[in-house]
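Keep in mind the model is a prediction, meaning the values are calculated, not measured.
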Amino acid sequence: MTRTLWRPAGGVDPGMIEYTAGEDRALDARLLPWDILGSLGHVEGLRVSGLLSPGDADLLRAGLRDAIAAAGSGELAIGPEHEDVHTAVEAWLTERLPDAGPRLHTGRSRNDQVACDLRLWTKDALLALHAAAAALADALLDWAERHADALWPGYTHQRRAMVSSAGLWAAAHAEGIVDTLEAFPAVWAPVDRSPLGSAAGYGAPLPLDREAAARALGFAEPEHNVAAVQNGRGKVEAAALFWCVQLGHDLARLSTDAIAFSAEEYGLLHLPPEFATGSSIMPQKQNPDLFELTRARVGAVEGDLAAVLRIRSGLGSGYHRDFQALKEPLFRGLDRTLAMLGMMARAVPRLEVDRERGWELLQGDALVTDEAMRRAEAGTAFREAYAAVAAELAAGARFPAPSPESILARRRSAGGVGDLDLAAPRARLAACRAAAIEGAERFARALERLAGRPVAVPGGGAGLPGASTPPGTPPLGGGDRP
């Protein structure tokens, strides 16, 4: 029989319990370590508030730390007899501490409890995503530096336009990711507020020290208005997923370029064989499946965001069971984004450039603008130089190509083909990392105090079972090909 933390007035149809709790148990398994840590923070809040005796607080703290180990070994798990993660943890603890265990839920509802679990999980996941996105930006900037003088055409309307370079291309993608990273503090701020003490959404008639619980869990502060906690359900998830979608768009654009530029018709890039797939019928094929699936999965993350927005739209104030359905798209969307970032950071350093092909594609019309600009620099009004060059081109004239050295020398504006000035995006990237450090270190210190052992943040699932990183996610980074 399924245990519940509520008392039904009469018998409950088993099918109804399975319908409302069934698939959610598997999702709640990811929240298990965070529910235990959230409970440790709540114990600290109760102790400071004088609502737990020092003896009971010590017992509960020791019991919950044992629960962390039990969750890691599989001794503590969510089973069919449990309605949710909260039931599993409280039942496990109360069986071992029959006197102190029932005091754990004082001043707390499952509503603020699950909100706390989700914010802790999301903080850890966001830190992992931030680190992974920064690693990809680093990889792109390093690649740009190696290929700064590898000239090839830039394209507008999918037509050859003007001189560009492999380095300019990669650095542009890196700066796009940095743009998205610079939005991280706005995403982090609402997740970094503690919901504990809001109970079912209207507080509790107890002298709860909400600041103490927030500090214990490494939150910057409590969510000020207790009713705002439940009104914000879905909003925090949507903000995190929208940020992932923005990262995803950076990845989709990079992927589309890699797919096109590595096609035989362009031939500018060569895919590393270890990151290409073959055909079951055509022996010659090297397919860019990694980049195609990345582009497709960005669309799937957009779907996860759309699901969250639809679930929360039109709901009134207070708690609604609809909120339970927010977990799946949140977990799925952040998992997908982390996996995409990890694979792209491994593949990018191994992309090879065909410099000869790039120079070949620059011959002819792609250098016509250089001739117009040369005449303008010599004193001809630009509109006159433009018209003259256009007329000569229409008459069949061909203009000699400047040397690669001359092309680079004539483009010395910072951030251009001849001067990528990679120190500037690297400084912005360093600032993004520094902006995340304070919250990450405060979070890690708090979890270490609560767990009674060192933890790893960001991106390591706090060193506890149920990490935010999805199973099978590859390690980040990767060196260049020899």
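Residues Val353 and Leu268 fail the side-chain proximity criterion, which asks for heavy atoms closer than 4.5 Å.
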Subject >> Derivation and outcome, side-chain contact (heavy atoms from CB on, under 4.5 Å), residues Leu408 and Leu151 >> reply: CA-CA 9 Å; Leu408 290 168; Leu151 300 178; 3.8 Å; yes
**OP:** Show your reasoning for whether side chain to side chain donor-acceptor pair (under 3.5 Å) applies to Gln113 and Asp35.
**Re:** CA-CA 7 Å; Gln113 190 173 354; Asp35 193 76; 3.1 Å; yes
**OP:** Quick one: do Glu352 and His147 satisfy side chain to side chain donor-acceptor pair (under 3.5 Å)? Show the steps, please.
**Re:** CA-CA 9 Å; Glu352 295 179 351; His147 302 291; over 6 Å; no
**OP:** Would you check, one step at a time, whether the test salt bridge (Lys or Arg N to Asp or Glu O under 4.0 Å) holds for Arg215 with Glu44?
**Re:** CA-CA 9 Å; Arg215 284 194 305 271; Glu44 182 61 16; over 6 Å; no
**OP:** Give the C-alpha distance, both sets of side-chain angles, the deciding distance and a yes or no for side chain to side chain donor-acceptor pair (under 3.5 Å) between His173 and Asp257.
**Re:** CA-CA 10 Å; His173 284 293; Asp257 284 353; 3.0 Å; yes
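Checked against the 6.0 Å centroid criterion, the rings of Trp188 and Trp243 do not qualify as a close aromatic pair.
Remark: of the listed residues Arg411, Arg410, Arg375, Arg411 is the sole one forming a side chain to side chain donor-acceptor pair (under 3.5 Å) with Asp370. Applying the side chain to side chain donor-acceptor pair (under 3.5 Å) test between Glu223 and each of Arg119, Arg210, Gln230, Arg193 identifies Arg119 as the sole match.
Looking at Ser403, its side chain does come within 3.5 Å of a backbone N or O of Ser406 through a donor-acceptor pair. At distances below 3.5 Å, at least one donor-acceptor pair connects side-chain atoms of Lys123 with backbone N or O atoms of Gly218. For Gln246 (side chain) and Phe242 (main-chain N/O), no donor-acceptor pair under 3.5 Å exists by modelled atom type. A donor-acceptor pair is defined here as one N or O able to donate and one able to accept, closer than 3.5 Å; such a pair exists between the side chain of Ser262 and the backbone of Ala258. A donor-acceptor contact shorter than 3.5 Å is absent between the side chain of Ser198 and the backbone of Gly201. Using modelled atom types, one side-chain atom of Asp112 and one backbone atom of Ala199 make a donor-acceptor pair closer than 3.5 Å. Put simply, the side chain of Arg159 gets close to the backbone of His157: a donor and an acceptor are under 3.5 Å apart.
Taking CG of Leu315 as the start and CG of Asn231 as the end, the distance is 10.0 Å to the nearest 0.5 Å. In this structure, Glu328 CD and Asp304 CG are separated by 8.5 Å, a value rounded to the nearest 0.5 Å. Taking CG from Leu251 and CD1 from Ile177, the interatomic distance works out to 6.0 Å, rounded to the nearest 0.5 Å. Between the OG1 atom of Thr256 and the CD atom of Glu292 there is a distance of 9.5 Å, given to the nearest 0.5 Å. Separating the CG atom in Leu126 from the CG atom in Leu334 is a distance of 6.0 Å, to the nearest 0.5 Å. Leu217 contributes atom CG, which lies 7.5 Å from atom CG of Leu447 (distance to the nearest 0.5 angstrom).
Geometric assessment of Arg160 against the ring of Tyr155 yields a negative cation-pi assignment under the 6.0 Å and 45° thresholds.
At a threshold of 4.0 Å, the pair Asp138-Arg426 does not count as salt-bridged, since none of the basic side-chain nitrogens sits closer than that to a carboxylate oxygen. Note on Asp335 versus Arg30: salt bridge recorded, some NZ/NE/NH1/NH2 to OD/OE distance being below 4.0 Å. Salt bridge Glu377/Arg374: absent, no basic N to carboxylate O contact under 4.0 Å. Using a 4.0 Å cut-off between charged side-chain N and carboxylate O, Asp419 and Arg412 make no salt bridge. Using a 4.0 Å cut-off between a side-chain N of Lys or Arg and a carboxylate O of Asp or Glu, Arg442 and Glu438 qualify as a salt bridge. One finds no salt bridge joining Asp322 and Arg312 here, because no Lys/Arg side-chain nitrogen approaches an Asp/Glu carboxylate oxygen to under 4.0 Å. A salt bridge does not link Glu448 to Arg453: none of the charged side-chain nitrogens sits closer than 4.0 Å to a carboxylate oxygen.
By the 30° and 60° cut-offs, the orientation of the rings of Trp121 relative to Phe331 is tilted. Trp169 and Trp152 have perpendicular rings, their planes meeting at more than 60° on a 0 to 90° scale where under 30° would count as parallel.
In Phe399, the CZ atom is crowded: over 12 heavy atoms of neighbouring residues, nucleotides or ligands sit closer than 6.0 Å. Atom CZ of Arg295 is surrounded by more than 12 heavy atoms from other residues, nucleotides or ligands within 6.0 Å.
Closest approach of Ala137 and Leu429 over heavy atoms only: CB-CD2, 4.0 Å.
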